[in-house]
2 protein chains.
Amino acid sequence: MTVSVVIVDDHDVIRVGVRESLDDDISVIGEARDVESAVAEIRAKAPQVVILDVHLPGGTGGGALDVLAEVLHRPGAPRVLALSVSDAAEDVVATVRAGARGYVTKSISGPDLSDAVRRVATGDAVFSPRLAGFVLDAFGAAGGEVAAADEDLDKLTEREQEVMRLIARGYTYREVAEKLFISIKTVETHVGKVLHKLQLSNRHELAHWAAQRRIV
Amino acid sequence: MTVSVVIVDDHDVIRVGVRESLDDDISVIGEARDVESAVAEIRAKAPQVVILDVHLPGGTGGGALDVLAEVLHRPGAPRVLALSVSDAAEDVVATVRAGARGYVTKSISGPDLSDAVRRVATGDAVFSPRLAGFVLDAFGAAGGEVAAADEDLDKLTEREQEVMRLIARGYTYREVAEKLFISIKTVETHVGKVLHKLQLSNRHELAHWAAQRRIV
DNA sequence: GGTCGAATCAGGGGGTTCCCTCATGGTGGA
DNA sequence: TCCACCATGAGGGAACCCCCTGATTCGACC
């Protein structure tokens, strides 16, 4: 049985590499290099599997996550295999949360990639060995740090996130206040709430927290 | 005129992508996926150009730099075109310092990559537009931020470096003082000297400075 | 229509950070 | 020997950070 796929990656070189690496029983019926054309291409071609670059630029939610949001929540949705240079826990968990059925890094070999596509097409979940741990941690009983990453961020209101980002970049309260056209006291209030919600004790820990999650 | 190249990248997919993206007048005469086989392959095949992944794992100097060190300093050395997902200034400058004649990111198109290979083969230096600035900064008259990295660190005495590391990690003056068994005032003095010597204005910039140089 | 959360702002207090000057003792080179 | 540099430390001040209480406005929700 031939599996139909659409490849989404902004790098020409990598799209070519993936296309040429796939076995003959996998048919590439479309390609896209940005969020908009990916969504259009996937809807038009209705592939069984989408091979999706996690670090796709553009969109409002980080690229790949936008594509997943647009494409998955409708009947006949394809299975999505995420492809990434990164094996950072945050990326993996965020992508899987968004609905990806597999996550492999670009260090995968051609035959293994073809195998992963076939297995995702039949409904399996496919993860590189060292990534499986992250996923299990994130969805396991204990939850773990990684799983809490997105939920922690969700606890913050939009304004709090905005302030948090600036503080994490090292701006003083005064500078944040000037940037956002609010008073210093308001900035203090927001920062206080952020620190409390994230259970951090000062702005340095906040900067570290944000850096780990690639928020800054 | 046909240009001979060796492709060095630990990712199968990317090697395939590069190979398939290159024009017919560029002949891939060898490939390698780690430092040792890259050095051996380049010496054996003597290509005109080596396409080298900057983030090659293994070796003692960061992978790609080891390959450059081994290969360049002998007669008949090939021209090296660095290929990277990263456009971070540190990576670019370190690679160029080590002798690469070009640096392009993986977002390059197939035709542009072929063109870059041909130009490097003829002796040109090839840099993506936004990378050229880094290189010029680093080698220009003023020296530039990047080039000054190690020299800046050398300006600090051992004690100052010790204090600087702890401050960059977010310890308060009090905590640093307790850790080093000195008074807070001494810590203040050291920090003040560090900030002055590095021409930084506060501990946040110091943390950022240290993080960029992977000191912390 | 009352309640609740989000966003805004104020006052005040205690600790921290950064800068300035100044001082002492040790070490190592000219 | 003397000077330069380093490590140590003190005093004081201005600004900044963090926390506390308390307040108003506005929109959403039941």
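Below, all heavy atoms of this structure are taken into account, side chains as well, without hydrogens, waters or symmetry copies. The chains referred to below are lettered A, B, ... by the order of the sequence lines, with proteins before strands, and numbering in each begins at 1.
- Distances shorter than 4.0 Å separate none of the side-chain N or O atoms of A:Arg174 from OP1 or OP2 on D:dA15.
- Shown here are the side chain to side chain donor-acceptor pair (under 3.5 Å) partners of B:Thr189, two or more places apart in sequence or in another chain: there are none.
- The OH atom of A:Tyr173 sits 13 Å away from the C1' atom of D:dA15 (whole-angstrom rounding).
- Screening residues 167-203 of chain A for ring-ring contact (aromatic ring centres under 6.0 Å, His included) gives no qualifying pairs among residues at least two apart or on separate chains.
- By the 4.5 Å heavy-atom criterion applied to side chains, A:Leu22 and A:Val28 are counted as neighbours.
- Looking at A:Arg203, its side chain never comes within 3.5 Å of a backbone N or O of A:Ala168 through a donor-acceptor pair.
- Rounding to the nearest 0.5 Å gives a distance of 6.5 Å between CG of B:Leu83 and CG of B:Asp53.
- Across residues 178-196 of chain A, A:Ile182, A:Ser183, A:Lys185, A:Thr186, A:Glu188, A:Thr189, A:His190 each have a non-hydrogen atom less than 4.0 Å from an atom of DNA chain C (numbered order).
- In this structure, CZ of A:Arg203 is placed 12 Å from P of D:dC19, rounded to the nearest angstrom.
- Residues passing the salt bridge (Lys or Arg N to Asp or Glu O under 4.0 Å) test with A:Lys179, sequence neighbours excluded: none.
- Under the rule for a side chain to side chain donor-acceptor pair (under 3.5 Å), the partners of A:Arg19 that lie at least two apart in sequence or sit in another chain are A:Glu31.
- Electrostatic pairing of B:Arg33 and B:Asp12 counts as a salt bridge here, judged by a charged N lying under 4.0 Å from a carboxylate O.
- Although no hydrogens or angles enter the test, the distance criterion places a donor-acceptor pair under 3.5 Å between the side chain of B:Glu160 and the main chain of B:Thr157.
- For the helix from C:dG1-D:dC30 to C:dA30-D:dT1, the terminal axes (five pairs an end, C1' atoms, rotation from four pairs onto the next four) enclose an angle of 30°, given to 10 degrees.
- Atom CD of A:Glu205 is separated from atom P of D:dC17 by 16 Å (rounded to the nearest Å).
- The side-chain contact (heavy atoms from CB on, under 4.5 Å) test applied to A:Leu195 returns A:Val191, A:Leu200, A:Leu206, not counting sequence neighbours.
- Reading DNA chain C from its 5' end, the first and the last nucleotide to sit under 4.0 Å from a heavy atom of chain A are C:dA6 to C:dG12.
- To the nearest angstrom, C1' of D:dC19 lies 15 Å from CG of A:Leu200.
- Qualifying side-chain contact (heavy atoms from CB on, under 4.5 Å) partners for A:Ser183, counting only residues two or more places apart in sequence or in other chains: A:Lys185, A:Thr186.
- When rounded to the nearest whole Å, the span between CD1 of A:Ile167 and C1' of D:dC16 equals 11 Å.
- Qualifying side chain to side chain donor-acceptor pair (under 3.5 Å) partners for B:Asp34, counting only residues two or more places apart in sequence or in other chains: B:Ser37.
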Quiz prompt | Under 4.0 Å protein heavy-atom contacts per nucleotide of nucleotides 25-30 of chain D, with B for base, S for backbone only and - for none | solution = ------

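- For B:Glu178, the side-chain contact (heavy atoms from CB on, under 4.5 Å) partners at least two apart in sequence or on another chain are B:Arg174.
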